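Written below as C-alpha cells is the structure these notes are about.
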Amino acid sequence: MMTSQSNTTQSRKRQAARGFVRVEVKVREEDADLVREIAGALRDPSRHAATRSVLRKHITSSPAKNFKVLLASAPLAGIELDRSEDFGRENDL
C-alpha cells in the first residue's frame with residue numbers, strides 16, 4: 001500500500017515529466033486567490049498561451065538581444081551625453 005507521501009512523490013514525478021515544476025511564493029493574503037487563478041490559467045492548456053502572452057506583455061520587460069539593442073531602446077531624451085575632457089591630475093615625478 002502506498003503512503004500519502006509516496007503518492008505525492010509519484011504525482012510530482014508525473015507532473016515533472018509533463019514539464020511542470022512546483023513553485024512556492026509568498027504574497028499578501030489579499031493576492032493569494034489572484035496568484036492561484038493565474039497559476040490555474042497557466043496550467044490549463046486552453047488558457048495557457050493567452051495567459052502567458054498577457055503576463056509577458058504587461059509584467060515582464062522584454063529582454064534585449066544584446067547591449068547595442070538595449071542602448072538603442074533606452075529613453076535618452078534630455079540626458080546630457082557630452083562630457084568635458086579630463087586629463088587627470090598632475091603628477092610631480
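Since this is a predicted model, take the numbers as computed values, not measurements.
Thr51 and Ala41 get closest at one heavy-atom pair: OG1-CB, 3.4 Å.
Taken to the nearest 0.5 Å, the CD atom of Glu37 stands 6.5 Å off from the CZ atom of Arg47. With rounding to the nearest 0.5 Å, the separation of NZ in Lys13 from OG1 in Thr8 is 12.0 Å.
Residues Val54 and Ile59 fail the side-chain proximity criterion, which asks for heavy atoms closer than 4.5 Å. Using a 4.5 Å cut-off on side-chain heavy atoms (C-beta onward), Asp44 and Leu42 make no contact. Put simply, the side chain of Arg52 reaches to within 4.5 Å of the side chain of Arg56, judged on heavy atoms. Side-chain contact check for Arg22 versus Arg12: some heavy-atom pair is nearer than 4.5 Å.
Note: the hydrophobic cluster containing Val35 also contains Val23 (ILVMFWY, side chain heavy atoms under 4.5 Å, direct or indirect links). Linking ILVMFWY side-chain heavy atoms closer than 4.5 Å, directly or via other members, places Val21 and Val27 in a single hydrophobic cluster.
Using a cut-off of 4.0 Å between Lys/Arg side-chain N and Asp/Glu carboxylate O, Asp33 and Arg36 are scored as salt-bridged.
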